[in-house]
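Bear in mind that the values here come from a model prediction, so they are computed numbers and not experimental data. Remember, it's 1-based here, ligands and their atoms both numbered in the order they're listed.
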Amino acid sequence: MRIVVLTGAGISAESGVPTFRDADGLWDGHRVEDVATPEGFEANPDLVLRFYDERRRGVASVVPNAAHSALARLEEAIGDDLLVVTQNVDDLHERAGSQNLVHMHGELRRALCTACGARPEWTADLIDRPPCPACGERKLRPDVVWFGEMPYDLDRIEQAVIACDVFVSVGTSGAVYPAAGYVALASAFGARTVELNLVPSDAIVPFDDVRPGPATEVVPRWADEVISAL
Ligand code: OAD
């Protein structure tokens, strides 16, 4: 049985990583256009570099929760038949043990060189304009996909969504495309669709199975069900 699990900010919420769409519509006090667009970066690079430096440090001080661990356990049980596609830029899935994992919106722990295109692993701050390890230019930015930019690995993700038997969405509001369209694609190709979210999202097609609740409860319960049915 092939399973694709799409995760969003909700899976990391109980680890202490804030979600994007708070009641005030701000991301940690900033307008999304200021900190998550190429135009915002061009207008105020210091603000944007500092913002992601803070996020990177923040994520380094939190730990994966029971939902991340449950997905890693499921991968141990079914191997490459599970693909986790995350919109999150934190590294909590890999720290929990997931390996067959795609970061479609990039990673805080990677930098992107706008001079040569290198994507080195990066754990330090970027605000001081360190040189790119590949080309030496001081043109590194966070390797995070901003609005108006192309997410990573779309071909691989779409092929997996089309081929899967079960598509599961965890802790994502379904507000940002192309990720928000994967449930419709999976459904059109015959997959069973499951939503695990604190509150049901505004999906464009209804999920076959909706299980409301905090990720640390609903994800382990679902994963254990799948494992015990193997
Ligand atoms: P959002 O902030 O839009 O949505 C968070 C979702 O998590 C909501 O559906 C909540 O109901 C749910 N949630 C919150 N706490 C939860 C919990 N404890 N357990 C389970 N679910 C919980 O975040 P995303 O959908 O991930 O893109 O946002 C998608 C993209 O928009 C992000 O990747 C980012 C952002 O702008 C880019 O940066 C390109």
Side-chain angles (χ1 to χ4, degrees), residues 4-41 48-49 51-52 54-56 58-59 62-71 84-93 96 101-110 112 141-154 157 167-183 193-204 206-207 209-223:
V4 172
V5 177
L6 171 71
T7 68
I11 197 167
S12 296
E14 290 163 86
S15 290
V17 182
T19 59
F20 296 93
R21 289 172 182 77
D22 291 337
D24 60 6
L26 295 178
W27 183 9
D28 261 0
H30 292 276
R31 296 189 320 154
V32 165
E33 308 87 85
D34 293 339
V35 294
T37 62
E39 295 77 19
F41 183 51
V48 175
L49 292 176
F51 180 79
Y52 288 96
E54 277 168 22
R55 306 274 86 64
R56 194 180 305 104
V59 163
V62 302
V63 293
N65 64 47
H68 300 103
S69 302
L71 294 181
V84 175
V85 176
T86 188
Q87 299 166 84
N88 298 342
V89 294
D90 66 51
D91 60 349
L92 296 181
H93 281 301
L101 171 71
V102 176
H103 273 280
M104 65 180 295
H105 290 167
E107 299 168 60
L108 281 169
R109 281 176 56 99
R110 232 174 247 287
L112 169 66
R141 57 163 268 190
D143 189 19
V144 165
V145 175
W146 288 326
F147 287 94
E149 296 181 330
M150 189 65 88
Y152 288 118
D153 294 323
L154 292 184
I157 298 168
F167 175 83
V168 185
S169 171
V170 182
T172 176
S173 60
V176 175
Y177 283 81
Y182 291 150
V183 57
T193 58
V194 182
E195 174 165 53
L196 310 176
N197 198 319
L198 200 54
V199 291
S201 66
D202 303 324
I204 46 168
F207 284 87
D209 185 358
V210 177
R211 304 186 183 192
T216 56
E217 288 175 22
V218 290
V219 178
R221 201 176 300 141
W222 168 80

> Taking N or O atoms only and a 3.5 Å limit, does Phe147 qualify as a polar contact for ligand 1?
Replying inline: no
Looking at Arg109 and Glu107, is any side-chain nitrogen of the basic one under 4.0 Å from a carboxylate oxygen of the acidic one?
no
task: Carefully, step by step, assess Val5 and Val170 under the rule side chain to side chain contact (heavy atoms under 4.5 Å, CB included).
output: CA-CA 7 Å; Val5 177; Val170 182; 3.7 Å; yes
The reported gap from CG in Asn88 to CG in Leu101 (rounded to nearest 0.5 angstrom) is 10.0 Å
Taken to the nearest 0.5 Å, the spacing of Leu92 CG from Ser69 OG works out to 10.0 Å
Quick look: His105 vs ligand 1, heavy-atom contacts under 4.0 Å, and the answer is side chain
*Is the closest side-chain donor-acceptor distance between Thr86 and His105 under 3.5 Å?*
no
- Message: Any donor-acceptor pair under 3.5 Å linking the side-chain atoms of Ser15 with those of Asn65?
- Response: yes
Inset, instruction - Describe, in one word, how the ring planes of Phe51 and His30 are oriented to each other, choosing from parallel (under 30°), tilted (30 to 60°) and perpendicular (over 60°). - result: perpendicular
**Message:** What I want to know is whether Glu14 and ligand 1 share at least one N or O pair that is separated by under 3.5 angstrom.
**Reply:** yes
Open item on the list: Please check whether Leu196 reaches ligand 1 - meaning an N/O of the residue sits under 3.5 Å from an N/O of the ligand, judged on distance alone.
Closed with: no
Checking Gln87 against Thr7: is there a side-chain donor and acceptor pair closer than 3.5 Å?
no
What do you reckon, does Asn88 have a nitrogen or oxygen under 3.5 Å from a nitrogen or oxygen of ligand 1?
-> no
In ligand 1, the atoms that come under 4.0 Å of a heavy atom of Ala13 are 15 (N)
Based purely on interatomic distance, does Trp146 place a nitrogen or oxygen under 3.5 Å from a nitrogen or oxygen of ligand 1? no
Candidates Gly213, Gly10, Ser12; heavy atom nearest atom 16 (C) of ligand 1 found on Gly10
- Task: Ignoring angles and geometry beyond distance, decide whether Pro214 reaches within less than 3.5 Å of ligand 1 through its nitrogen or oxygen atoms.
- Result: no
Heavy-atom proximity to atom 10 (C) of ligand 1 ranks first, among Asn197, Val218, Leu198, for Asn197
Logged contact type for Ser173 with ligand 1, heavy-atom cut-off 4.0 Å, is both
The atoms of ligand 1 lying under 4.0 Å from a heavy atom of Val145, numbered in the order shown, are 37 (C), 38 (O), 39 (C)
- Heavy-atom check, side chain of Leu71 versus side chain of Trp222, under 4.5 Å: yes
Q) Between Tyr52 and Arg56, is there a cation-pi geometry (under 6.0 Å to ring centre, at most 45° from the normal)? A) no
Residues Ala215 and Gly10: closest non-hydrogen pair is CB-O, 4.0 Å
Judged by heavy atoms only, the candidate from Thr19, Thr172, Val219 nearest atom 25 (O) of ligand 1 is Thr172
Original post:
For Gly174, is at least one N or O under 3.5 Å away from an N or O on ligand 1?
Top reply: no
**Item:** Test salt bridge (Lys or Arg N to Asp or Glu O under 4.0 Å) applied to Arg141 and Glu149, step by step
**Value:** CA-CA 14 Å; Arg141 57 163 268 190; Glu149 296 181 330; 2.8 Å; yes
For Gly8, the ligand 1 atoms with a heavy-atom partner under 4.0 Å come out as 26 (O)
_Does ligand 1 come near enough to Ala215 that some N or O of the ligand is less than 3.5 Å from an N or O of the residue?_
yes
Atoms of ligand 1 under 4.0 Å from any heavy atom of Val199, numbered from 1 in the order shown, are 11 (O)
So for Val176 against ligand 1, with non-hydrogen atoms under 4.0 Å, the contacting part is side chain
For Gly171, the atoms of ligand 1 under 4.0 Å from one of its heavy atoms are 5 (C), 6 (C), 7 (O), 21 (N)
